[in-house]
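Single-structure report; data block below.
Each chain gets a letter, A, B and so on, in the order its sequence line appears, and its residues count up from 1.
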Amino acid sequence: EAGVAQSPRYKIIEKRQSVAFWCNPISGHATLYWYQQILGQGPKLLIQFQNNGVVDDSQLPKDRFSAERLKGVDSTLKIQPAKLEDSAVYLCASSWGQETQYFGPGTRLLVL
Amino acid sequence: QKEVEQNSGPLSVPEGAIASLNCTYSDRGSQSFFWYRQYSGKSPELIMSIYSNGDKEDGRFTAQLNKASQYVSLLIRDSQPSDSATYLCAVPGNSGYALNFGKGTSLLVTP
């Protein structure tokens with residue numbers, strides 16, 4: 001069974017630029033999550049989708065971050081414009097309902 | 001927000017010893033608890049989940065839950081250098097699915 005796929009794996013941008021990350025969850029997993037993990041901290045939920053609907057985006061900085069999951073499968077997370085404090089690893093995870101969450105390899109973002 | 005607290009460490013134990021990792025949580029109503037392991041530069045992977053008071057054993061790992069004290073721990077017996085990683089404690093958040101993670105405890109097992 002293929003795992004959660006993410007791309008790109010690494011991205012370096014300058015502040016005020018925009019960036020997008022892509023995630024393809026495990027086949028059949030209806031629930032998809034985007035987490036932000038800053039160095040030295042645990043992952044923090046940004047947004048949770050159930051199929052193509054948003055369940056929780058209370059911690060998503062909506063003035064600069066957006067996410068979509070149009071067909072209920074893969075998802076895109078965008079940052080526009082990026083700030084220095086957005087430097088982090090962006091982790092995508094998926095699950096079958098409330099079962100175990102499986103994490104992708106993450107995208108490491110460095111904002112200069 | 002359901003808070004999860006962990007000692008960041010590092011916790012250093014000699015090879016073959018028992019490593020004890022601890023976690024406290026703020027929401028008395030939390031029902032499920034998870035331990036994830038994260039190697040440096042890698043993504044978290046689930047190693048244990050526990051739902052009931054008491055102990056749950058899986059190989060060298062034992063999770064212990066005390067809901068009255070709002071405390072969950074992870075014991076690693078016969079620690080190996082390959083166990084060196086950050087261990088993250090997590091509880092489901094308000095949506096019931098997404099997880100609230102602690103900052104993680106860094107474990108170093110020395111040969």
Discussion item. Main chain of A:Gly104, side chain of B:Ser43: is a donor-acceptor contact present, judged purely on distance under 3.5 Å?
Written reply: yes
Discussion item. Would a single hydrophobic cluster contain both B:Phe33 and B:Phe61, if residues Ile, Leu, Val, Met, Phe, Trp and Tyr are joined by side-chain heavy-atom contacts under 4.5 Å?
Written reply: yes
Worksheet entry | Residue part contacting chain A, namely of B:Gln6, when any heavy atom lies under 4.5 Å | neither
Worksheet item: Taking the six-membered ring for Trp, is the centroid-to-centroid distance between B:Tyr97 and A:Tyr33 below 6.0 Å?
Response: no
Practice prompt. Report yes or no: do B:Trp35 and B:Leu107 belong to one cluster of Ile/Leu/Val/Met/Phe/Trp/Tyr joined by side chain heavy-atom distances under 4.5 Å?
Written response: yes
Worksheet item: Do B:Leu99 and A:Tyr35 have side chains that get closer than 4.5 Å, going by heavy atoms?
Response: yes
Worksheet item: Where on B:Phe34 is there a heavy atom nearer than 4.5 Å to chain A: the side chain, the backbone, both, or neither?
Response: neither
Worksheet item: Given a strict heavy-atom distance threshold of 4.5 Å, which part of A:Gln101 is in contact with chain B: side chain, backbone, both, or neither?
Response: both
Discussion item. More than 12 heavy atoms of other residues, nucleotides or ligands under 6.0 Å from NZ of A:Lys71: yes or no?
Written reply: no
Worksheet item: So does A:Trp96 have more than 12 non-hydrogen atoms from other groups sitting under 6.0 Å from CH2?
Response: no
Worksheet, complete the sentence: Bottom line for A:Pro105: the part with an atom under 4.5 Å from chain B's heavy atoms is backbone
Worksheet item: Are A:Trp34 and A:Val4 joined in one hydrophobic group, where the rule is that I, L, V, M, F, W and Y side chains link up if heavy atoms are under 4.5 Å apart?
Response: no
Worksheet item: With the 4.5 Å side-chain cut-off for hydrophobic clustering, are A:Val55 and B:Phe101 part of the same group?
Response: no
Worksheet item: Would you find more than 12 non-hydrogen atoms of other residues, nucleotides or ligands less than 6.0 Å from A:Leu39 atom CG?
Response: no
Worksheet item: So which residues of residues 62-81 of chain B are in contact with chain A at a heavy-atom cut-off of under 4.5 Å?
Response: none
Worksheet item: Linking I/L/V/M/F/W/Y whenever any side-chain heavy atoms sit under 4.5 Å apart, do B:Ile47 and B:Val13 land together?
Response: yes
Item to complete: May I ask you to name which of B:Ser106, B:Ser8, B:Gly41, B:Ser49 has the most heavy-atom pairs under 4.5 Å with chain A?
Response: B:Gly41
Worksheet entry | Partner chain A: residue of B:Glu45, B:Lys42, B:Lys103 with the largest heavy-atom pair count (under 4.5 Å) | B:Lys103
